[in-house]
Amino acid sequence: MGACLSCFFGKSTRGGLYEPLLQENEREAVADLLTYLENRADTNFFEGEPLRALSTLAFSDNVDLQRSAALAFAEITEKEDVREVDRETMEPIMFLLQSHDVEVQRAASAALGNLAVNTENKLLIVQMGGLEPLIRQMLSPNVEVQCNAVGCITNLATHDENKSKIAKSGALVPLTRLARSKDMRVQRNATGALLNMTHSDENRQQLVNAGAIPVLVSLLNSPDTDVQYYCTTALSNIAVDATNRKKLASTETRLVQSLIGLMDSTSLKVQCQAALALRNLASDEKYQLEIVRSRGLPPLLRLLQSSFLPLILSSVACIRNISIHPLNESPIIDAGFLSPLIQLLAYEENEEIQCHAISTLRNLAASAERNKRAIVDAGAVERIRELVLSVPISVQSEMTACVAVLALSDELKPRLLKLNICQVLLPLTNSSSVEVQGNSAAAIGNLSSKVQDYSPFVRVWEQPAGGLHGYLQRFLDSTDKTFQHIAVWTIVQFLEGRDSQLFTNIKSSNTIVSAINRLAEYGVTPDGEEHLDEDYESDEGEIYLTQSINGVVFDVIFDLPYIFPPDFGLDRVKL
């Protein structure tokens with residue numbers, strides 16, 4: 001609103017522009033208002049006599065006075081700090097909103113949109129019935145009216161309590177239609193409003209039902225970066241729901257290609273949201289494969305190597321989901337992701353980035369020996385060994401799980417042992433996190449199987465942190481049957497390796513021998529219950545002991561059929 005407020009009423013009031021047409025109270029209101037406007041720096045127009053003067057003009061039957069009041073409200077709310085107002089202040093603006101005059105509509109909706117910046121005002125506008133006239137104005141043929149009405153709806157939709165009311169009011173269909181407007185301001189406001197409506201399951205479904213998906217997808221190619229951003233973010237939110245992803249997959253064949261293209265946008269926020277949208281889509285197997293086939297890896301790698309944290313976070317989260325599919329493991333490795341991912345393990349500024357990076361490496365190691373070897377060759381184990389004792393627990397859990405997966409490779413076990421990985425795994429078997437304990441123990445157990453040289457285990461029998469000895473004691477004494485399983489299975493591997501020093505260490509440990517005797521006497525079954533002096537058979541490979549031990553632990557251990565390594569660290573991970 002560029003004009004000064006005094007211009008709304010002419011240069012004179014007494015004997016001036018409106019005098020022949022005005023009621024006495026209207027003439028007084030105009031005169032009073034001009035006085036207040038001359039001293040506007042010291043005037044609060046939202047209460048007292050200034051508000052009463054404005055209200056008199058707003059409720060007048062004279063359309064010129066209504067226009068003047070609407071314009072005054074619009075400029076006051078634009079130029080002054082927006083504050084919470086009461087119903088008395090809101091009523092004249094709401095009345096003006098009902099006008100059939102285009103100028104009044106335009107200015108009143110602008111004023112309402114300005115007031116809707118305030119949180120409490122957002123609620124009050126909806127409570128007072130503001131949605132219905134705003135929807136009517138969205139249907140106006142006048143672009144200015146459309147723009148202001150949609151802008152007001154956009155502001156109202158930022159409050160959670162308003163979202164469902166807006167969705168149920170019938171506003172979504174005209175909003176979707178106006179998102180295709182030829183006027184860029186209307187298009188921006190409409191797509192912004194649609195974005196604000198994507199933050200709950202119910203509203204997202206109503207948006208889909210209103211036909212928003214094809215409109216949002218088509219506008220990904222808009223020349224306006226704000227529209228691109230709003231549509232990309234809205235689609236990212238819509239893609240959170242599995243049902244919506246299926247609908248997108250069946251109807252929007254160019255969606256992935258458009259999002260990949262937006263990762264090369266000149267706008268950083270658009271790049272970021274495009275990667276996040278792909279991440280959500282990549283919750284489904286179809287999209288995991290399609291992103292790779294559509295050449296999505298090169299731009300993701302570029303974002304991953306950015307210095308801008310949001311870009312790094314969005315791209316590493318996306319590649320983590322893409323890496324879930326076994327067919328994507330080798331393409332990701334061949335595209336050059338290993339070194340950047342390993343570098344991100346030390347990204348101390350953001351724990352989530354560290355988690356995504358190590359989880360991706362874990363996924364990439366899940367299937368092929370070639371990929372496990374490539375990960376070790378790239379230096380992942382050295383970096384894990386360097387960092388794992390100091391990173392947050394969530395990162396420790398993923399790092400130890402990754403080592404457990406790598407340790408399944410018979411070819412790589414000697415290399416991991418030579419890198420002294422047990423030096424950091426053993427302290428973590430006594431972590432405050434059950435997951436970290438289990439993953440660390442599983443990694444040790446996997447390393448203990450089918451190796452030629454057991455000297456790395458002998459060297460850590462007592463140290464660090466109580467060494468193997470202390471770890472085995474704790475797990476055998478644990479009330480967690482899975483932990484007991486891991487410890488017994490690991491001892492079996494040590495004894496089958498027939499290393500004389502390990503054999504002596506185990507045999508001479510009274511605590512280990514007594515724990516095994518106790519487990520042999522009571523039995524451990526898959527349901528976690530104890531069975532005294534029972535034979536219990538299992539075809540699922542769970543631990544069970546069928547007789548007590550009288551000083552000789554080894555024969556009983558070898559009588560345990562169907563003992564398999566635990567599953568820690570083998571499952572793929574996604575967001």
Side-chain angles (χ1 to χ4, degrees), residues 1-118 121 124-125 127-134 136-137 140 142 144-145 147-149 151-152:
M1 302 297 165
C4 67
L5 286 174
S6 59
C7 295
F8 302 150
F9 307 104
K11 295 182 179 179
S12 171
T13 54
R14 302 196 185 279
L17 185 63
Y18 296 118
E19 186 172 10
L21 303 175
L22 303 186
Q23 302 294 324
E24 180 62 29
N25 66 323
E26 294 172 343
R27 284 198 298 272
E28 291 176 359
V30 170
D32 291 342
L33 193 54
L34 285 175
T35 301
Y36 296 133
L37 291 171
E38 291 173 359
N39 301 282
R40 61 180 303 163
D42 301 317
T43 302
N44 179 0
F45 288 92
F46 297 140
E47 62 183 20
E49 292 301 324
L51 177 60
R52 276 190 282 277
L54 275 170
S55 297
T56 298
L57 303 188
F59 290 116
S60 169
D61 292 331
N62 186 310
V63 69
D64 289 323
L65 291 185
Q66 289 184 352
R67 288 175 182 172
S68 297
L71 288 167
F73 274 121
E75 184 166 325
I76 291 166
T77 55
E78 178 185 353
K79 293 187 175 180
E80 295 192 7
D81 292 336
V82 176
R83 68 192 79 175
E84 179 183 354
V85 300
D86 57 19
R87 298 180 75 91
E88 184 181 4
T89 303
M90 199 72 75
E91 281 173 352
I93 304 175
M94 299 293 288
F95 178 81
L96 292 169
L97 203 64
Q98 311 280 345
S99 171
H100 296 291
D101 183 81
V102 168
E103 288 302 312
V104 175
Q105 291 176 2
R106 180 179 66 84
S109 56
L112 208 61
N114 293 338
L115 289 174
V117 172
N118 177 274
N121 292 345
L124 182 59
I125 291 168
Q127 290 168 5
M128 293 181 66
L131 290 178
E132 184 178 342
L134 286 170
R136 284 201 302 271
Q137 291 191 15
S140 168
N142 184 278
E144 295 295 331
V145 173
C147 186
N148 291 348
C152 186

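In this text, all values refer to a predicted model and were calculated from it rather than measured experimentally.
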Side chains of Asp101 and Gln66: does their closest heavy-atom pair fall under 4.5 Å?
no
Gap separating the CG atom of Leu34 from the CG atom of Asn39, nearest 0.5 angstrom:
11.5 Å
Are Thr35 and Asp32 linked by a side-chain donor-acceptor pair shorter than 3.5 Å?
no
For Ala58 against Ala69, the heavy-atom pair lying closest together
N-CB, 3.7 Å
Is any side-chain heavy atom of Asn118 closer than 4.5 Å to one of Arg83?
no
Given side chains that start at C-beta, do those of Asn142 and Gln137 come closer than 4.5 Å, heavy atoms only?
no
Is any side-chain heavy atom of Leu115 closer than 4.5 Å to one of Leu124?
no
Main-chain N/O of Val82 paired to Asn114 side chain as donor or acceptor, under 3.5 Å:
no
Kindly assign one of parallel, tilted or perpendicular to the pair Tyr36 and Phe45, based on the angle between their ring planes and the thresholds 30° and 60°.
perpendicular
Would the distance check show the side chain of Gln105 and the main-chain N or O of Ser99 forming a donor-acceptor pair, the cut-off being under 3.5 Å?
yes
Shortest non-hydrogen contact between Leu71 and Arg106, atoms and distance:
CD2-NH2, 4.1 Å
4.5 Å side-chain heavy-atom contact, Val117 and Thr77
no
Quick one: are Val104 and Gln98 in side-chain contact, heavy atoms under 4.5 Å?
no
Taking the side chain as every heavy atom from C-beta outward, state whether Glu47 and Glu88 have any pair of such atoms under 4.5 Å apart.
no
Reported CG-to-SG distance for the pair Leu134 and Cys152, which is rounded to 0.5 angstrom
4.5 Å
Atom CD of Glu132: over 12 foreign heavy atoms under 6.0 Å
no
Distance, nearest 0.5 Å, that separates CZ of Phe46 from CD1 of Ile76:
6.5 Å
Could you grab the distance from atom CG of Leu97 to atom CE of Met90, nearest 0.5 Å is fine?
11.0 Å
Minimal heavy-atom distance between Ser60 and Glu26, with the atoms involved, is OG-OE2, 2.7 Å
Reported CZ-to-CG distance for the pair Arg52 and Asn25, which is rounded to 0.5 angstrom:
13.0 Å
Would you compute the distance between atom CD of Glu49 and atom CG of Leu33 and round it to the nearest 0.5 angstrom?
11.5 Å
Here the pair of heavy atoms bringing Ala108 nearest to Ala70 is N-CB, 4.1 Å
